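The structure under discussion appears below in the form of structure tokens.
Indexing begins at 1, ligand by ligand and atom by atom, following the structure's order. Not measured: the values here are computed from a predicted model.
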Amino acid sequence: MITTDRMAAVDANAAALGVPRKQLMESSGNAIAREVRAVAEPGATVPLVCGRGNNGGDALVAARFLDEYDVAVALLGRPETIRTDIARENWEALEAAEIPAETVTDSRDFDLTRPDGDDPDVIVDAMLGSGVSGGLREPERTAAAAINASDAPVVAVDVPSGIDADTGEPTGGSESTADGGEAVAVNADRVVTFHDEKPGLASLDAEVTVADIGIPAAAERFTGPGDLLGLDRDPDSHKGDNGEVLIVGGGPYTGAPTLSALAALRAGADLVRVACPESVASEVQGFSPNLIVRALPGDRVGPAHVDRVASLAAGVDTVVLGPGFGGGDGTEAFVRGFLTAYAGRAVVDADALRIVPDVDTDADLICTPHQGELVGMGGETASDPTERTQLVREFAAEVGHTLLVKGAVDVIADGDDVRLNRTGNPGMTVGGTGDVLAGTVGALAAVTEPFRAAAVGAYVVGRAGDAAAEANGSGLVATDLPDRLPEAMRNE
Ligand SMILES: NC(=O)C1=CN([C@@H]2O[C@H](COP(=O)(O)OP(=O)(O)OC[C@H]3O[C@@H](n4cnc5c(N)ncnc54)[C@H](O)[C@@H]3O)[C@@H](O)[C@H]2O)[C@@H](O)CC1
Ligand SMILES: [K+]
């Protein structure tokens with residue numbers, strides 16, 4: 001089962017793996033043709049009703065595969081207004097091949113009946129797919145009414161036009177069904193959908209076929225540029241809307257919490273506060289005027305700070321717990337106390353990790369252990385990648401939190417999902433890169449759900465590291481990474 005958003009991500013990842021969308025469209029068109037052959041004999045009359053997006057493009061390809069049928073392509077709108085290059089190229093291929101195709105610019109002209117007055121044998125509905133928004137507009141609305149009025153079986157491409165593939169509901173609501181034949185969506189008898197089932201299709205009264213269109217499994221299993229889709233800032237957003245992060249760390253170390261904080265800012269957070277012992281507060285502040293530092297009495301974070309940190313945490317989207325804490329009983333008691341009191345979202349790293357498996361918390365945690373820390377938490381690891389992935393998935397389910405286990409290939413898992421990340425390089429074993437990762441994931445978790453924040457965080461920090469390695473070779477240091485994050489987060 002795959003949602004529309006995830007499908008778009010996987011599609012972009014496939015392109016990055018060398019399988020471009022035009023190639024997928026070719027497979028989709030082929031799959032539609034197979035479906036038509038399953039319901040109609042050669043020679044049958046098959047109108048293909050095409051929109052101007054890629055859903056229509058799929059059917060423009062199908063028309064080329066259906067030589068043995070009496071096909072007629074109806075493009076809803078002028079060819080110059082076809083919205084994607086690949087759909088337009090397929091339109092031009094039809095014209096060049098002299099395959100019958102007409103354009104419908106006035107919906108009153110739309111007619112599916114044959115010259116002899118009979119219904120066609122099969123109608124292909126390729127008006128709108130996953131790119132639909134809102135209720136059907138013209139000419140799609142009239143065309144949908146005509147499709148629904150015909151007695152011919154209807155094969156819908158990907159999803160019946162006007163239906164939300166995630167919910168199965170009409171995209172414009174279902175109010176107008178009773179008002180004299182106005183269509184809110186196409187009623188399809190069959191749906192040929194691509195790659196995987198869609199959550200909304202099962203509730204429809206239609207036979208659903210899932211066609212394999214050649215998207216490699218790696219496009220789903222591994223993070224890729226598609227995973228960055230949909231993370232852009234809302235142009236109307238205000239300060240704070242794009243994430244407020246609290247880093248709690250420092251004491252024996254000053255660099256670690258600072259790296260986390262700078263990474264959180266570069267990963268897009270609007271406001272980053274660092275709560276650290278007063279002994280290091282001015283040093284942390286000295287690293288950057290972009291940071292807001294909150295000093296905690298003493299030279300180590302300890303149980304006496306739980307209330308103060310909990311009140312600072314109450315106003316933010318995510319807390320990053322652990323960078324530069326060092327070990328020790330006081331720190332452990334703090335982490336335990338804080339997690340018991342806190343019910344929000346937190347990234348847990350380094351010395352704070354050991355507490356997670358047996359603390360009673362309502363917080364939603366993203367734990368970022370390396371293999372050694374994973375074992376310290378009570379998890380298991382293995383040298384075989386498949387086995388290791390399975391073990392991480394099981395352990396994530398057991399602890400009830402999201403895990404991002406760092407390694408040459410990072411494994412990200414929660415109880416339901418697992419993803420692998422292969423960006424990054426051996427130069428990143430240098431100290432401090434883990435702090436950068438924790439801060440990055442903290443910023444992302446302020447704007448997206450924990451599993452995705454962890455997966456995208458691993459991907460972009462690895463990408464930033466790859467760029468840094470290109471510039472600095474094995475002289476890469478952790479401070480090279482934060483400034484490279486914005487470039488690494490571009491979706492290309
Ligand atoms: N991985 C993928 O995502 C793949 C997608 N493919 C096809 O591409 C389709 C998605 O293509 P697109 O993103 O181009 O989108 P669509 O073809 O679904 O819609 C395109 C356009 O329709 C217009 N539109 C939106 N809502 C409307 C409404 N309510 N009334 C009238 N017009 C409306 C918009 O201008 C939109 O740009 C999928 O459904 C599938 O058929 C396949 O070719 C292969 C792989
Ligand atoms: K459709």
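In this structure, Ala8 does not count as a contact residue of ligand 1, since none of its heavy atoms falls inside 4.0 Å of the ligand.
Comment: Asp11 engages Arg21 in a salt bridge, judged by a side-chain N to carboxylate O separation of less than 4.0 angstrom. Remark: Arg6 engages Asp227 in a salt bridge, criterion side-chain N to carboxylate O under 4.0 Å. Salt bridge Glu487/Arg490: present, at least one basic N to carboxylate O contact under 4.0 Å. Electrostatic pairing of Arg452 and Asp414 does not count as a salt bridge here, judged by no charged N lying under 4.0 Å from a carboxylate O.
Heavy-atom contacts of Met25 reach the following atoms of ligand 1: 43 (O) (cutoff under 4.0 Å). Taking a cut-off of under 4.0 Å to the non-hydrogen atoms of Phe194, the atoms of ligand 1 that pass are 41 (O). In the vicinity of Val132, heavy-atom distances shorter than 4.0 Å reach the ligand 1 atoms 18 (O), 25 (C), 26 (N), 29 (N). Heavy-atom contacts of Ser28 reach the following atoms of ligand 1: 42 (C), 43 (O), 44 (C) (cutoff under 4.0 Å).
Metal site remark for the K ion (ligand 2): Leu128 contributes an N, O or S atom at a distance under 3.4 Å. Not a single N/O/S atom of Ala156, whether from backbone or side chain, sits less than 3.4 Å from the K ion (ligand 2). Contact annotation: Asp158 places no N, O or S atom under 3.4 Å from the K ion (ligand 2).
Other residues, nucleotides and ligands contribute over 12 non-hydrogen atoms within 6.0 Å of the CD atom of Glu95. Counting heavy-atom neighbours within 6.0 Å of Asp205 CG, excluding the residue itself, gives a total of 12 or less. Counting non-hydrogen atoms of other residues, nucleotides and ligands closer than 6.0 Å to CD of Glu89 gives a total above 12. Under a cut-off of 6.0 angstrom, the local environment of CD in Glu80 is crowded, with over 12 non-hydrogen atoms contributed by other residues, nucleotides or ligands. Other residues, nucleotides and ligands place no more than 12 heavy atoms under 6.0 Å from the CD atom of Glu197.
Rounding to the nearest 10°, we obtain 110° for the angle at the K ion (ligand 2) between Ser161 OG and Val159 O.
Among the candidates Asp125, Val122, Leu48, the single residue satisfying the side chain to side chain contact (heavy atoms under 4.5 Å, CB included) test with Val155 is Val122.
Smallest separation of non-hydrogen atoms from Thr171 and Val132: CG2-CG1, 3.5 Å.
The K ion (ligand 2) sits nearest to atom O when only the N, O or S atoms of Asp125 are considered.
Within the 4.0 Å heavy-atom criterion, the part of Ile213 lying near ligand 1 is the side chain and not the backbone.
Protein heavy atom in closest approach to atom 38 (C) of ligand 1: Asp158 OD2, 3.1 Å. Among all protein heavy atoms, the one lying closest to atom 27 (C) of ligand 1 is Arg137 NH2, 3.3 Å. The nearest protein atom to atom 31 (C) of ligand 1, hydrogens excluded, is given as Glu140 OE1, 3.5 Å; this is a heavy-atom distance. Ranking protein heavy atoms by distance to atom 17 (O) of ligand 1, first place goes to Asn55 N, 3.0 Å. For atom 12 (P) of ligand 1, the closest non-hydrogen atom on the protein side is Asn54 N, 3.8 Å. Protein heavy atom at the shortest distance from atom 21 (C) of ligand 1 is Arg83 NH1, 3.6 Å. Taking atom 6 (N) of ligand 1 as the reference point, the nearest protein heavy-atom neighbour is Asp58 OD2, 3.7 Å. For atom 4 (C) of ligand 1, the nearest non-hydrogen atom of the protein is Arg21 NH2, 3.8 Å.
Asp466 places a side-chain heavy atom less than 4.5 Å from the side chain of Thr423. Put simply, the side chain of Cys50 does not reach to within 4.5 Å of the side chain of Met127, judged on heavy atoms.
Considering only non-hydrogen atoms, atom 29 (N) of ligand 1 lies nearest to Gly135 out of Gly129, Gly131, Gly135, Ala219.
Considering backbone and side-chain N/O atoms, Gly134 comes within less than 3.5 Å of an N/O atom of ligand 1. When only interatomic distances are considered, the shortest N/O to N/O separation between Thr84 and ligand 1 does not fall below 3.5 Å.
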